[in-house]
Amino acid sequence: MGRVLVELFYDVVSPYSWLGFEVLCRYQHIWNIDLRFRPAFLGGIMQSTGNKPPAMLPKRAEYLLKDIKRMAKYYQVPVTLSEDVFQRILGNSSLGAMRFITAADMTQPKYLEPLSREFWLRFWSQHEDISQVESILAVAEKAGLSSELTQKLLEMISSPAVKNRLKETTEEAVKYGAFGMPAVVAHVNGKPHLFFGSDRLELLASIIGEKWLGPVPSAPSPKM
Ligand SMILES: N[C@@H](CCC(=O)N[C@@H](CS)C(=O)NCC(=O)O)C(=O)O
């Protein structure tokens, strides 16, 4: 099998997307894949598929808190949970953040990885806001964007081009069959295969003929 294109559809409001993102970032240097980040809007996926945030079922919310905590430790990603985590999700739309990330994707895609990570760190490790302009400014600075670029991207987020691009990416995810995030699409022999969840990357490995070395693979030893 040649190089496989693996697309990751994600939203920074989704903690499971962060887990999937970090694991794929690790494996992009080990597997024969081209990893493509596809910033999309989880709220849009929920709306167009009629799905609801899983925590709306109280028993599931109770379980999710434990699951995310255990997954964060096992995956070695610094997701931590605050008492009011579900209220924070409801009170913090990720639309502005995802538009900003989309603008970066359209302008300077090399910043996608650090920028997305800094949004997750702010929201899911530091438990701070990501919806206000000041928050976006702080995240952009941490991700190493110049103030000129940040200003340019901020201006872009209200443009039809960025709004449409985010909408189109979200619709594309739904077309592949996504109903939540992370949604991972691997293109094998010209056919797209959709995987839902950060816990399905082992299965992805088997489909693309690669070896699963756990969520924290160590760097391959140099060939002698
Ligand atoms: N088991 C999955 C769970 C992923 C998950 O619950 N994602 C949320 C967003 S953070 C979602 O979109 N859920 C939709 C659903 O469960 O139907 C994993 O480990 O990644």
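Remember, it's 1-based here, ligands and their atoms both numbered in the order they're listed.
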Are Phe123 and Trp18 an aromatic pair by the rule of ring centers under 6.0 Å? no
Atom 1 (N) of ligand 1: the protein heavy-atom neighbour that sits closest, reported with distance to 0.1 Å: Asp199 OD2, 2.9 Å
Please classify the Lys52 to ligand 1 contact at 4.0 Å (heavy-atom distances, strictly less than): side chain, backbone, both or neither. neither
Rounded distance [0.5 Å steps], CD1 in Ile136 versus CZ in Arg99: 10.5 Å
Within a distance under 4.0 Å of any heavy atom of Pro54, pick out the atoms of ligand 1 and give their elements. 13 (N)
For the 3.5 Å polar cut-off, considering only N or O atoms, please tell me whether Ser14 and ligand 1 meet it. no
Nearest to atom 14 (C) of ligand 1, what protein heavy atom do you find, and at what distance? Asn51 ND2, 3.6 Å
Do ligand 1 and Met181 have nitrogen or oxygen atoms that lie under 3.5 Å from each other? yes
Test item: Met71 and Pro215 side chains (from C-beta on) under 4.5 Å apart, heavy atoms: no
Using heavy-atom distances only, which candidate in Phe179, Phe195, Tyr16, Tyr75 approaches atom 6 (O) of ligand 1 most closely? Tyr16
Ligand 1 to Met46, heavy atom cutoff 4.0 Å, flagged ligand atoms 12 (O), 14 (C)
Relative to the heavy atoms of Arg60, which atoms of ligand 1 are at a distance of less than 4.0 Å? 16 (O)
Measure the OG-CD1 distance between Ser14 and Ile89 for me, rounded to the nearest 0.5 Å. 8.5 Å
Could you give the distance from NE2 (His29) to OH (Tyr27), rounded to the nearest 0.5 Å? 13.0 Å
Testing Leu145, Ile130, Val162, Leu137 for side-chain contact (heavy atoms from CB on, under 4.5 Å) with Phe100, which one passes? Leu145
Is the closest heavy atom of Arg200 to ligand 1 under 4.0 Å? no
For Gly197, the atoms of ligand 1 under 4.0 Å from one of its heavy atoms are 2 (C), 18 (C), 20 (O)
Pair Tyr75-Asp199, side-chain donor/acceptor within less than 3.5 Å: no
Sub-4.0 Å atoms of ligand 1 with respect to non-hydrogen atoms of Met71: 19 (O)
What atoms of ligand 1 come closer than 4.0 angstrom to any heavy atom of Pro15? 10 (S)
Of all protein heavy atoms, the one nearest atom 20 (O) of ligand 1 is Ser198 N, 2.7 Å
Centroid separation under 6.0 Å, is that true for the rings of Phe37 and Phe21? yes
Would Thr49 and Asn51 satisfy side-chain hydrogen bond (donor to acceptor under 3.5 Å, both in side chains), going step by step from the backbone distance to the final call? CA-CA 5 Å; Thr49 58; Asn51 198 353; 4.9 Å; no
